[in-house]
Amino acid sequence: MSQSCFGNESNNVMEEENVAPSFGDTNIQAVQPSPESGSLSMGNDTFQSVRRKSRTKPLTVDVYTVQCNCCYKWRLIPSLQKYEEIREQIIENPFMCKSACEWEPGMSCDVPETISQDGTRIWALDKPKIPRPPPKWTRLVQIREEGCSQFSDVYYITPYGQTLRSSVEIQKYLENHPKFVLEGVTPSQFSFQMPTPLEENYVRKRPAQSSKRKR
């Protein structure tokens, strides 16, 4: 079973955890390197990572990686477009090292791992089967500062440079721009699902509200 992961720009990075979350019926999970055992990540995942350079601005993902379904080594993906293509199909078409020969000739399971979760980046597990955006549209993920109540924000940039922040805005935009509908653009091509941080305490958990009302 395959998954996808991504990275992002910043100075301090999340600590390595042992197990990443699974996602419902897809049974997708990732086991990160353990500081004690040094064991490699298991599964077939796609991840994004970020280096923190500023704690006052949103962090933009700058590294995309996928884990081989055979040797469990992580391979860098050369572009967001290729990453989105792999992520969309990763359940039906698990990633293998030889797949990377498309952009890195000679790649195989015998080649050393090209990147690992070494504590220098923020790592997040992306959900599988997120559709690729329509041509000339861009899906943008921005990581929030550590301690926020939400890990990231997901936006779509239209071919005209407008930023859309929700499914409601997508629907309204398509209604106001029937040209895109005629070109085959549909709301199903957009997903605002956020990636999940692999650092357990990166997001500040909101305190549970008491069920008892004050008298």
Side-chain angles (χ1 to χ4, degrees), residues 3-24 26 28-43 45-67 74 76-77 80 83-84 87 115-130 133 138-157 162-170 190-214:
Q3 295 179 30
S4 54
C5 205
F6 67 75
N8 170 317
E9 286 284 347
S10 122
N11 285 334
N12 299 324
V13 182
M14 58 169 281
E15 296 179 0
E16 294 168 339
E17 300 295 329
N18 289 332
V19 181
S22 60
F23 294 107
T26 58
I28 293 175
Q29 60 181 12
V31 181
Q32 290 189 281
S34 166
E36 293 82 16
S37 64
S39 60
L40 292 178
S41 300
M42 303 296 288
D45 312 315
T46 61
F47 283 81
Q48 312 178 43
S49 75
V50 173
R51 287 186 187 277
R52 298 189 196 130
K53 289 183 177 179
S54 169
R55 297 183 64 83
T56 60
K57 297 180 180 180
L59 307 173
T60 302
V61 176
D62 70 341
V63 170
Y64 299 89
T65 70
V66 178
Q67 190 179 44
W74 293 92
L76 287 169
I77 306 304
L80 171 60
Y83 173 81
E84 290 177 332
R87 180 185 59 196
I115 194 168
S116 61
Q117 292 82 25
D118 58 2
T120 61
R121 290 176 173 272
I122 300 168
W123 289 92
L125 181 66
D126 223 352
K127 291 179 170 59
K129 300 185 75 66
I130 291 177
T138 301
R139 186 176 190 269
L140 178 65
V141 177
Q142 289 189 326
I143 309 303
R144 290 192 181 187
E145 177 182 346
E146 184 174 359
C148 289
S149 59
Q150 182 172 299
F151 177 61
S152 67
D153 296 292
V154 178
Y155 309 114
Y156 280 91
I157 310 299
Q162 293 173 268
T163 301
L164 305 180
R165 296 175 169 81
S166 69
S167 298
V168 173
E169 291 189 8
I170 292 286
F190 302 89
S191 172
F192 289 89
Q193 291 190 82
M194 293 182 293
T196 301
L198 295 188
E199 182 178 5
E200 183 179 356
N201 298 318
Y202 190 89
V203 176
R204 185 186 73 248
K205 296 179 180 178
R206 295 176 179 175
Q209 295 182 348
S210 175
S211 58
K212 297 180 179 180
R213 296 181 179 179
K214 294 183 179 180

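Here, residue 1 is the first one in the sequence, and each next residue gets the next number. Values in this document were obtained by computation on a predicted structure and should not be read as measured data. Atoms considered below: every heavy atom in the structure, side chains included; atoms not considered: hydrogens, waters and symmetry mates.
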Exercise. Kindly write out the residues that satisfy side-chain contact (heavy atoms from CB on, under 4.5 Å) with Thr163, not counting sequence neighbours, or none if the list is empty.
Key: Tyr155, Ile157, Arg165

Exercise. Mind checking side-chain contact (heavy atoms from CB on, under 4.5 Å) for Leu164 and listing every partner two or more places apart, or none if nothing turns up?
Key: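 Once residues adjacent in sequence are excluded, the partners of Leu164 under the side-chain contact (heavy atoms from CB on, under 4.5 Å) criterion are Trp137, Thr158, Glu169, Ile170, Tyr173.
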
Exercise. Drop me the distance from Ile143's CD1 to Gln150's CD, to the nearest 0.5 angstrom.
Key: 10.5 Å

Quiz item: Could you state the interatomic distance from CD1 (Ile77) to CD (Glu84), rounded to the nearest 0.5 Å?
Solution: 12.0 Å

Is there a side-chain contact between [X] and [Y] in this structure, where contact means two heavy atoms from C-beta onward sitting under 4.5 Å apart?
X: Thr65; Y: Trp123; answer: yes
X: Arg144; Y: Asp153; answer: yes
X: Thr196; Y: Lys127; answer: yes
X: Val154; Y: Arg139; answer: yes

Exercise. Might you point out which heavy atoms bring Met194 and Ser152 nearest each other, and give the distance in Å?
Key: SD-O, 2.9 Å

Quiz prompt | Closest approach of Val203 to Ser149 (non-hydrogen atoms, all atoms of both residues) | solution =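 Taking Val203 first and Ser149 second, the nearest heavy atoms are CG1-O, 3.3 Å.
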
Quiz item: Can you name the ring pair (Phe, Tyr, Trp, His ring centres under 6.0 Å) partners of Phe192, sequence neighbours left out?
Solution: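 Counting only residues at least two positions away or on another chain, Phe192 forms a ring pair (Phe, Tyr, Trp, His ring centres under 6.0 Å) with Tyr156.
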
Quiz item: When the ring planes of Tyr202 and Phe151 are compared, do they come out parallel, tilted or perpendicular, using 30° and 60° as the limits?
Solution: perpendicular

